Protein chains: 2
Amino acid sequence: MGRAGDSVLGFAILGLLAEASLSGYDVKLRMAEPVGFFWRASHSQIYPELAKLEAGGMVVHKAVPQSGKPDKKVYEITADGLLAVREWVSLPARLGPTRDEATLKAYLSWLGERGEMAEMFRELGRKHEGQLEKYEETERWMLREWGEPEEFGARRFANYAALRRGIGFEREYAEWCRWVAEKLEGR
Amino acid sequence: MGRAGDSVLGFAILGLLAEASLSGYDVKLRMAEPVGFFWRASHSQIYPELAKLEAGGMVVHKAVPQSGKPDKKVYEITADGLLAVREWVSLPARLGPTRDEATLKAYLSWLGERGEMAEMFRELGRKHEGQLEKYEETERWMLREWGEPEEFGARRFANYAALRRGIGFEREYAEWCRWVAEKLEGR
DNA sequence: CATCGTTATGTAAATACTGACATATGAAGT
DNA sequence: ACTTCATATGTCAGTATTTACATAACGATG
């Protein structure tokens, strides 16, 4: 209906602000690094979305002058905003409108030249392999710093759960790419 | 740049038309069933896209009167169109702009009520489990009808490769959901 | 002193996508 | 007779997303 904090992006931002007050730029940075792995957004979406959230009473901002850097607007979540995310988070998640270009290309692979297709999947596999390694390094760091997953608090577990999804996803994807490439090469 | 057949959807359609001439409705049906698992599109996207492809010389149509049913427009791929898909298919696939609502909700799960969150992931896991079973049934059918994957022709292999991705994806996803639910329930 | 990178915030145009509206034929079931 | 379903093709409004444009302060590098 167009209520503020209606879009998934809006809730993603509210979720970040539930943990700490942030500037639009800070939100952008988090949307690149940890959150971006499962919900990407650029600053040209974030700034307008923050304005929309503020118009809807979900967040408020105050200007913070800085020396050495441009001033920033630090956004803080309101009671309404917190209530809205808390309600949203346990609502059934929509299954993503599955759109995977690589799987489409696999489905149409009979149209391409075998060797070129194999090389493409080989390279794609390497990319996913690389991402997997980054995730696995993060996991090692978490286990080293935080101890046993069974004893994580809710916040840390939430973090770890998202990472586990990334690891499973990339591992499966990389394996599939290698398998496709191998078969296309005719072994 | 806005050339016809520029969008992934355009190439998806060209790929379908490379195998057989189809009406917009037929394309829609394939976008629901096998293709829709990795590239979803509704008829409100398909009809305009076909018109765009035709304007760009990638496809041509002829009206086919039918008795008992409304007339249809059957689209056929042109030499230009075929060349365009063939080139596109072995070009590096963009990594999908990862947007997965469920992983976002896992990341923000500390904001929700434990039991509700667990139930949500439990239910989501069931959905992915159901999809997995459908895919596995299709796989059994393929192996029964087509024999050994090693002896599939390029077309059948392409089909099978996309299915294998679906199976891996759903299996991993369902497992992750179960794992999250279990941990949230505190076992 | 010029340029580049980082921080910081925005807008605009174009494309992509969803969901609803709109229409029409004929078959099959109630 | 009435309704529903499958076939068949489209448009429209609104939302979401991407890419490019636009500005500005400051520090570091050359």
Side-chain angles (χ1 to χ4, degrees), chain A residues 1-13 21-33 36 39-56 59 61-75 94-101 104, chain B residues 1-13 21-33 36 39-56 59 61-75 94-101 104:
Chain A
M1 257 254 65
R3 287 200 340 280
D6 235 6
S7 66
V8 180
L9 176 61
F11 288 116
I13 294 174
S21 293
L22 300 169
S23 69
Y25 191 75
D26 292 330
V27 171
K28 187 205 97 174
L29 291 179
R30 278 159 184 76
M31 282 293 173
E33 250 314 87
W39 204 274
R40 215 177 287 174
S42 58
H43 76 279
S44 58
Q45 259 186 294
I46 292 164
Y47 288 115
E49 187 68 34
L50 279 165
K52 253 172 67 182
L53 288 170
E54 185 152 47
V59 302
H61 86 268
K62 56 177 179 217
V64 176
Q66 297 188 116
S67 60
K69 290 179 218 172
D71 300 351
K72 47 176 170 172
K73 292 182 175 180
V74 175
Y75 287 87
R94 288 189 327 172
L95 300 92
T98 328
R99 277 191 191 99
D100 188 296
E101 199 173 305
L104 176 62
Chain B
M1 257 250 68
R3 289 198 340 278
D6 236 5
S7 65
V8 180
L9 176 60
F11 288 116
I13 294 174
S21 293
L22 299 169
S23 68
Y25 191 76
D26 292 331
V27 171
K28 187 204 97 174
L29 291 180
R30 278 159 183 76
M31 283 292 173
E33 250 314 87
W39 204 273
R40 214 177 287 173
S42 58
H43 77 280
S44 58
Q45 260 186 293
I46 292 164
Y47 288 115
E49 187 67 35
L50 279 166
K52 252 171 68 181
L53 288 170
E54 187 153 46
V59 302
H61 86 268
K62 57 177 179 213
V64 176
Q66 297 188 114
S67 61
K69 290 179 221 173
D71 300 350
K72 50 175 168 173
K73 291 182 177 182
V74 174
Y75 287 86
R94 288 189 327 173
L95 301 93
T98 328
R99 275 188 193 102
D100 188 297
E101 200 174 305
L104 176 62

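In the text below, chain A, chain B and the rest are named by the order of the sequence lines, each starting its count at 1. Only a predicted model underlies this, so the values are computations on that prediction, with no experimental measurement involved. Only this structure's heavy atoms are used, side chains among them; waters, hydrogens and symmetry mates stay out.
Comparing B:Tyr75 and A:Ala41, the nucleotide of DNA chain D nearest to each residue sits closer to the 5' end for B:Tyr75. Where A:Gly24 and B:Leu9 meet DNA chain C, the nucleotide closest to each residue was compared, and A:Gly24 sits on the side nearer the 5' end.
Taking side-chain N and O atoms only, B:Arg40 has no distance below 4.0 Å to OP1 or OP2 of C:dA16. In this model, the phosphate group of C:dT9 is not approached by any side-chain N or O of A:Tyr25 to a distance below 4.0 Å at OP1 or OP2. Phosphate proximity of C:dT25 to B:Gln66: absent, as no side-chain N or O sits under 4.0 Å from OP1 or OP2. Put simply, A:Gln45 has no side-chain N or O that comes within less than 4.0 Å of OP1 or OP2 on D:dA16. Distances shorter than 4.0 Å separate some side-chain N or O of A:Arg99 from OP1 or OP2 on C:dC17. The phosphate of C:dA24 (OP1 or OP2) has no side-chain N or O of B:Lys72 nearer than 4.0 angstrom.
Here the nucleotide nearest the side chain of A:Pro48, chosen from D:dT11, C:dT11, D:dT9, is C:dT11. Distance from the side chain of A:Lys73 is smallest to C:dG10 among D:dT17, D:dT9, C:dG10.
Following rounding to the nearest Å, A:Leu22 (CG) and C:dT7 (C1') show an atom-to-atom distance of 15 Å. Taking atom CZ of A:Phe11 as the reference point, atom C1' of D:dA16 lies 15 Å away to the nearest angstrom. If you take CD of B:Glu49 and P of C:dT18, they are 13 Å apart, rounded to a whole angstrom. Atom C1' of nucleotide D:dT17 and atom CH2 of A:Trp39 are separated by 11 Å, given to the nearest angstrom.
Here the side chains of A:Val27 and A:Met31 are in contact, with some heavy-atom distance below 4.5 Å. When side chains are defined from C-beta on, A:Arg99 does not count as touching A:Leu104, because their heavy atoms never get closer than 4.5 Å.
At distances below 3.5 Å, at least one donor-acceptor pair connects side-chain atoms of A:Glu54 with backbone N or O atoms of A:His61.
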In 5'-to-3' order, the base (B), backbone-only (S) or no-contact (-) status of each nucleotide in nucleotides 20-26 of chain D, using a 4.0 angstrom heavy-atom cut-off, is B---B-S
